[in-house]
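One structure below.
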Amino acid sequence: MTSQHFDIKPVAGRIGAEIIGLNLSNNLSDEVISDIRKTLVEYKVIFFRGQHQLDANGQVAFARRFGEVTTAHPTVPSLPEHPEVLDLNYSKTTSRANSWHTDVTFVDRPPLGSILRALVIPPVGGDTIWANSVTAYQDLPNHLRSLADELWAVHSNAYDYATGFDLPEDVKAQRAIFTSTVYETLHPVVRVHPESGERGLFIGGFVRQFRGLSTTESDDILRLFQAYVTRPENTVRWRWQVGDVAFWDNRATQHYAVADYGNQARHVQRVTIVGDTPVGIDGKQSQAIKGDSSAYNRREAVAV
Ligand SMILES: O=C(O)CCC(=O)C(=O)O
Ligand SMILES: [Fe+2]
């Protein structure tokens, strides 16, 4: 992929590229947006440095060019004037997104992607790592690939939701509803990307169990597949600077926020774009099992 509108500089061998020469606070043309989208789909996560002029308004406006954005959410505060902007001020909480996950896969339409903007970053540490689930699938030996091809997984939000964020009263009420509602969706383990047609391992932290396997078998196989996704060759590690923006394709990646900065301040803000229903290699779609996730996409989202 090359673009006549900006430079593309890969930052690792298999995932991640920096886009150089754009100011995201400008009103970008449809052609530029289309090239950004192609770069995102090819590199899975793209980075923009030095976006100091971009504010929350501009971040939302930029995100809207790629689809509908999610509004409000149950466990993490958003900006009062901008319900679309998750305010992830990790300085104020013990919560850390330090586990491998694809965002919100317990609903039947998980996000297309998210755009994260760095406001305060510790001098050292607080990096984020992304992993390419397409190259992970390609790395599988044939017999494991055949196994993955056949499997479907139940993804669930039934886990510890103690985020530690200081929530305003209205969000506290939403959180109580959210934590008492189980969202469960059956997804294909191998997802066909809706734009590139690539096959990738669609798993991560919200997988509860593979359909038809015991919990023990399931846990062992999940660990095995996760090892392919998270092997260093399939990852890129981003060292944040204030003013950086990262945009990941949540349909083809997992990520991990590295919690190695103690009590130092780290503050980022996220805007999330609604995705479509995943499709497996047999053409079958994911199916919601529990919880009304259409309401979830409309009114709620969650940070991890
Ligand atoms: O803080 C980060 O670097 C990423 C946190 C995260 O998992 C998310 O925003 O989805
Ligand atoms: Fe996340």
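Indexing begins at 1, ligand by ligand and atom by atom, following the structure's order.
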**Request:** Mark the output for Tyr90 as yes if a heavy-atom distance to ligand 1 is under 4.0 Å, and as no if none is.
**Result:** yes

**Prompt:** Should Trp130 be listed as contacting ligand 1, given a heavy-atom distance under 4.0 Å as the test?
**Reply:** no

**Asked** Parallel, tilted or perpendicular: which fits the ring planes of Phe62 and Phe48, with parallel below 30° and perpendicular above 60°?
**Response** perpendicular

**Asked** Name the one of Asp244, Val11, Thr128, Asp127 that satisfies side chain to side chain contact (heavy atoms under 4.5 Å, CB included) with Arg239?
**Response** Asp127

**Fill in**
Which of Val120, Leu119, Asn89, Leu88 passes side chain to side chain contact (heavy atoms under 4.5 Å, CB included) with Val268? It is Leu88

**Pick from Arg266, Arg270, Gln269: the one approaching atom 2 (C) of ligand 1 most closely through a non-hydrogen atom** = Arg266

I'd like to know if [X] pairs up with [Y] as an ion pair, taking the criterion as any Lys NZ or Arg NE/NH1/NH2 lying under 4.0 Å from an Asp or Glu carboxylate oxygen.
X: Arg109; Y: Asp276; value: no
X: Arg208; Y: Glu184; value: yes
X: Arg37; Y: Glu42; value: no

Near [X], which atoms of ligand 1 are under 4.0 Å from a heavy atom of that residue?
X: Ala97; result: 5 (C), 6 (C), 7 (O)
X: Leu88; result: 9 (O)
X: Leu116; result: 2 (C), 3 (O), 4 (C)
X: Thr128; result: 2 (C), 3 (O)
X: His101; result: 7 (O)
X: Asp103; result: 10 (O)

**Request:** With Arg145 as the cation and Tyr137 as the aromatic partner, state whether NZ or CZ is under 6.0 Å from the six-membered ring centre and within 45° of the axis.
**Result:** yes

**Prompt:** Where do Arg251 and Glu198 land on the salt bridge (Lys or Arg N to Asp or Glu O under 4.0 Å) test, with the steps shown first?
**Reply:** CA-CA 10 Å; Arg251 303 163 297 186; Glu198 290 176 314; over 6 Å; no

**Fill in**
Between Asp103 atom OD1 and His101 atom NE2, the angle centred on the Fe ion (ligand 2) rounds (to 10°) to 90°

**Message:** So for ligand 1, is Trp240 a polar contact partner (N or O within less than 3.5 Å, distance only)?
**Reply:** no

